[in-house]
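Only one structure is covered here, and it is reproduced in the block below.
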Amino acid sequence: MLRERRSLVILDNAADEAQLRPLWPGLGAGLVLVTSRRALTGLDGVLRLVLQPLSPDESMRLLRTITGSAFHRAAPEVTAQVGRLCGHLPLALRIAANRLASRPGWTMAHLADRLSDPNRRLAALTAGDLAVEAAFSLSYAQLSGPARQVFRRLSLMPGADFGGELAAVAAQVAPVEAEDHLDELVDLNLLQPAPQPDCFRFHDLIRLFAITHLQADEPPVERQATHDRIMLCLLETATVAGRWFEPGYGAPPPDWRGLVTLDSSERAQAWLQVNRDNWVGALANAAAAGDHARVVEVAEAMHWYSGRDIVEGRWTEIFQMSRASASQLDDPRQEITHLNYLSWAVSTCDRRHQESVDLAMTAYRLATELGDRRLQGWALQYVATGCFWIEDGIGRAEAALREAAQHFDAVDDHDGYVQAIIGIAHALRDSAQPETALPQYEATLKALQERPVSPIVSFTAAYAHHSMARTLVLLGRHAEAVVQAGIALPLIEAFGEPVLLSSCLRLLGTAEADIGAVEDARVHLQRALDIFISTDQTEHVAPTRAALAALSSP
């Protein structure tokens, strides 16, 4: 009938491919439009469009269209909150807006308040015969029994994104079997692929739906066992991954049998970054449960890694937990150590420098009372870290570092000694006489050759060359700066820390521009700009763009 006609056939809410095939138009001028909860991967020759949630602006337009004057009377942040609580899902927004429009006594703030309780949100998103939960139930009913169990248990993940290995832990099945269940969930749009490869995430409202079924369909003892299994897996994997970067550890021990492969520092770092919200959430759970030894162990494993992940790190939160747990262990050395870690995070990540100095001075006093020169040295090292950023603090930083170097030297802490003397060089560079820093950087490089430092501390050579380049730029010796930055660059690239890498590229490009090496300068400045943008270092974007534009000027 349709072969000779220009027609549009709409097949709405198709259950599966078998239901569609008898209705599929043959050759002709017609088109068919299918909507389905399933991906319908068995169909050939089709154009697939995956419908995403609305954008925040689209959500606001939909709310405004339905609610009218209530929208205009509300503060913008309140309407934005309603959009977020509805997950920017069209059905949820429509239901919420209908409820508001049908109740003249309500305001947008009242609606936001009703939606803010996660335990009541799905029930609140019901209006007459429209219900978000009912729409989700249609997909849930099509799952196999094992896939339903995986779906429910995945709601226990602390973070938004998770990999297949955690699904295997939750369901107590082999990873291959877990992958099959995840495919089924993705096929029915109950899970979404995350940006990272082989990772998944819930829509916020679907996670609430999964939690509801977890509580209704699984006994408390099973829920607790699943929760504990996930938390333990996360903390054990985080500890092993973090220790890749800790002197004396490196690769996992031969008898470690984790569900993820951590056979290189790159894999370890990737797992820690992708699963950051998960393992930090598990750490918070351990802290709340009073598992203080575990919290301290995980945070200790993160100490060296933390310097590689400053841009997106949550280190103040992590080391606040470990400091509190260490204080409960009747081990003063652990308490001093984690006070120092917290001091570093407060200064380096949060820029609260005076608070950082106060924390480190508390650690120094405790270490002095204990008579532990190594811990005294490290406390002074962190005192200096904060003092560098305090007005007129450079002299105090230098004095603290010189005393720290004496403590480290006395106890043969070579790692600490090297970091103290390069810190002295930094202080001299930032003083009124930066030329005095150059011999100190040379002394750092010499110490690295003469002292048995751990592999990760040997990276201090990259910092030394990079800092010498910065000092030479300050002194107007740009050609020498290019040489030193050129030595530092491959060392930093091998280390993989984006903040230092982008800084080195910008420094090198600027120095090259000053000596007329325009093409090299353009390449390095563009790389620096790309990293500044990708790592959200917004304060450096405009100056770097300006430097690039200046290279193109006649």
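Residue numbers count from 1 along this sequence.
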Under the side-chain hydrogen bond (donor to acceptor under 3.5 Å, both in side chains) test, which residues partner E300, sequence neighbours left out?
Y341

A363: which residues meet the side-chain contact (heavy atoms from CB on, under 4.5 Å) condition with it, sequence neighbours left out?
I336, L339, N340, A379

Nearest non-hydrogen partners of Q537 and T535, listed with the distance
NE2-OG1, 2.8 Å

Residues passing the side-chain hydrogen bond (donor to acceptor under 3.5 Å, both in side chains) test with Q192, sequence neighbours excluded, are none

T444 side chain to Q440 main-chain N or O, any donor-acceptor pair under 3.5 Å?
yes

Exercise answer: donor-acceptor pairs, residues 384-397 side-chain atoms, under 3.5 Å, sequence neighbours excluded:
{"from": "T385", "atom 1": "OG1", "to": "Q381", "atom 2": "O", "distance (Å)": "3.1"}

Determine whether R429 and S467 make a side-chain contact, defined as any pair of heavy atoms from C-beta on separated by less than 4.5 Å.
yes

So which atom in T471 and which in P434 form the shortest heavy-atom distance, rounded to 0.1 Å?
CG2-O, 3.4 Å

Heavy-atom side-chain proximity of P158 to M231 below 4.5 angstrom
yes

Sequence neighbours left out, what passes side-chain hydrogen bond (donor to acceptor under 3.5 Å, both in side chains) with R470? Give chain and number order.
none

Looking at every non-hydrogen atom in both residues, tell me the closest pair between L508 and G486 and how far apart they are.
CD1-N, 4.2 Å

Show the nearest heavy-atom pair for residues W378 and G416, with the distance to one decimal.
CZ2-CA, 3.6 Å

Short question: side chain of T226, backbone of E222 - any donor-acceptor pair under 3.5 Å?
yes

Side chain proximity check, V357 to M361, heavy atoms < 4.5 angstrom:
yes

Verify, without hydrogens or angle tests, whether S343 (side chain) and S356 (backbone) share a donor-acceptor contact under 3.5 angstrom.
yes

The residue among W244, F245, Y249 that forms ring pair (Phe, Tyr, Trp, His ring centres under 6.0 Å) with Y305 is F245

Evaluate the ring planes of F459 and F495, with Trp represented by its six-membered ring, and classify them as parallel (under 30°), tilted (30 to 60°) or perpendicular (over 60°).
parallel

Any side-chain heavy-atom pair of F162 and N278 under 4.5 Å
yes

Closest approach of R373 and A410, non-hydrogen atoms and distance?
NH1-CB, 3.3 Å

With sequence neighbours excluded, residues passing side-chain hydrogen bond (donor to acceptor under 3.5 Å, both in side chains) with W279:
none

Counting only N and O atoms by type, is there a donor-acceptor contact under 3.5 Å from the side chain of R153 to the main-chain atoms of A170?
yes

Crowding at CZ, R323 (>12 non-hydrogen neighbours, <6.0 Å)
no

Here the pair of heavy atoms bringing A488 nearest to H465 is CB-CB, 3.8 Å

